[in-house]
Amino acid sequence: MNYKKDEFFVEKVKSSFLAKKYSTPLYCYSFERIKDNIQSFKNTFKTINPLICFAVKANSNKILLTEISKLGLGADVVSGGELMKALKSGIKPNKIVFSGVGKTSEELKYAISKKILLINAESKSEILEIERIAKNKKKKIDIGIRINPNTDAKTLSQISTGKKENKFGISEEMTLDLIKYINSSKNLSLKCLSVHIGSQILDHRPYEKTLKVLDKILKKTKFSFEYIDLGGGMGIDYDNKNKKLNLKKYCLSIKKFLRRNKSKIIFEPGRSIIGNAGVLISKVIYIKKGSRKDFIILDAAMNDLIRPALYNAKHRIIPVKKSKIKSKKNYEFVGPICESTDKFLTTKKFQKLKEKELIIICDVGAYGMSLSSNYNVRPKPAEILIKKSKIITINKRQNLRDLM
Ligand SMILES: *Cc1c(COP(=O)(O)O)cnc(C)c1O
């Protein structure tokens, strides 16, 4: 995805052509980019040969899940719905892990009936519920314990999950007790210690701290786990400033960890697989003069992409066509929704835009469409996948009739 001459292309296709043919706002993904991301993730961690489970909540499009599955990944799911979609996309149950603090009885029964690899439990009550179901079905169920390592992931507070004040995981002391409990149960088989400290992490040190906590627990219990699930959270370069997580260092620390503890590593990356593989193409409806900046009112809104409104996240915005005119403007890019938080970005010195012109919102492949809604009774956008010069509609645009 890049400019050729002055126009933004997704693989071999002009983005203006896509906007014209499929209308806007339009989610558009590059197959090549997804493939590259997966390949480079695999290469980075080649020496530890992990099971890579794509975090379905980052993007739950069925056709994308099928493609990701064909490229060798399993799935990390956080609801019965995601589990069903992962299975329907062709992901094998023995490559699926189930996380989440509030799995209902129905969801647990469904996961058990599908014989997925692991249910990562996040509380004593959940462990007791799994045991109760297992006893009823006269089964022995493989489970993991998700710990809360009390480490600060140094990311946006809204997407941090590994501190003791967060609802996720089980404390170190409690984990030690529960390991004993599970090992004495006839219906539970403890297979995994899991952890996920948050999302959009760009500093490798929180990961290293987490490994230390895992080390400590493993030393204390002396129980050897078949799997250690390190979660996801690897950050991407939203600012386009080449700020990258040092995955080499992370990998080295994991290798050291594995010398002391022989387990199979599981990863649950979402954002780092799909984030930079998607763009949102949008059209300028109106330009409204303000005192210090002009408002660029787009046809995309917070219902299509909520990350800026929800987390104060920044997504770069770039023009579909670079203009030769030198004049620059201060703009605020906003949507049409009746909320003041319905704004994407305030920028200085953007090229002068005209009404009906097209722009690109970058890096929306993760937590874009999956977090979209019908707020303001707005139909959800279409999604397309570009594979070389082939254009595949992977999700039709909703129409108003769908919403009535
Ligand atoms: C959200 C989530 C992930 C994925 O996080 P990314 O930042 O997208 O890599 C992985 N594991 C669990 C348990 C999650 O909740």
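Just follow the structure's listing: the first ligand is 1, and inside any ligand the first atom is 1.
S272 does not count as a contact of ligand 1, since none of its heavy atoms falls under 4.0 Å from the ligand. At a 4.0 Å cut-off, at least one heavy atom of Y367 sits close enough to ligand 1 to count as contact. Contact analysis puts P269 in contact with ligand 1, with a non-hydrogen atom separation below 4.0 angstrom.
For the pair L71/F54, no side-chain contact is recorded, criterion being any heavy-atom separation below 4.5 Å from C-beta on. In this structure, the side chains of F45 and I52 stay at 4.5 Å or more apart for every pair of heavy atoms. Between R132 and E129, some side-chain heavy-atom pair lies under the 4.5 Å cut-off.
Heavy-atom proximity to R146, at under 4.0 Å, picks out these atoms of ligand 1: 13 (C). The distance from ligand 1 to the heavy atoms of R271 drops below 4.0 Å at these ligand atoms: 6 (P), 8 (O), 9 (O). Close approach to G233 involves these atoms of ligand 1, each under 4.0 Å from a residue heavy atom: 5 (O), 6 (P), 7 (O), 9 (O). Within ligand 1, counting atoms from 1 as listed, the ones closer than 4.0 Å to a heavy atom of S199 are 6 (P), 7 (O), 8 (O). Atoms of ligand 1 found under 4.0 Å from any heavy atom of G270 (numbered from 1 in listed order, with element): 6 (P), 8 (O), 9 (O).
Checked against a 3.5 angstrom limit, the closest N/O atoms of S99 and ligand 1 fall outside it. Between E268 and ligand 1, at least one N/O pair is under 3.5 Å apart.
Here the heavy atom of the protein found nearest to atom 2 (C) of ligand 1 is K57 NZ, 2.3 Å.
Of all the heavy atoms of N120, none lies under 4.0 Å from any atom of ligand 1, so neither backbone nor side chain is involved. Contact annotation: for H196 versus ligand 1, heavy atoms closer than 4.0 Å belong to the side chain alone.
Between R378 and D304 there is a salt bridge, since at least one side-chain N of the basic residue sits less than 4.0 Å from a carboxylate O of the acidic one. Looking at D6 and K324, a side-chain N of the basic residue comes within less than 4.0 Å of a carboxylate O on the acidic one, giving a salt bridge. Ion pairing of K103 with E126 is present here, as a side-chain N (NZ or NE/NH1/NH2) and a carboxylate O approach within less than 4.0 Å.
Across the listed options C53, G232, A55, A55 owns the non-hydrogen atom lying nearest to atom 4 (C) of ligand 1.
A donor-acceptor pair under 3.5 Å is formed between the side chain of N61 and the backbone N or O of I394.
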**OP:** Please lay out, stage by stage, how N303 and N376 fare under the test side chain to side chain donor-acceptor pair (under 3.5 Å).
**Re:** CA-CA 8 Å; N303 75 298; N376 278 204; over 6 Å; no
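Ring to ring, F333 and F350 are close: their centroids are under 6.0 angstrom apart.
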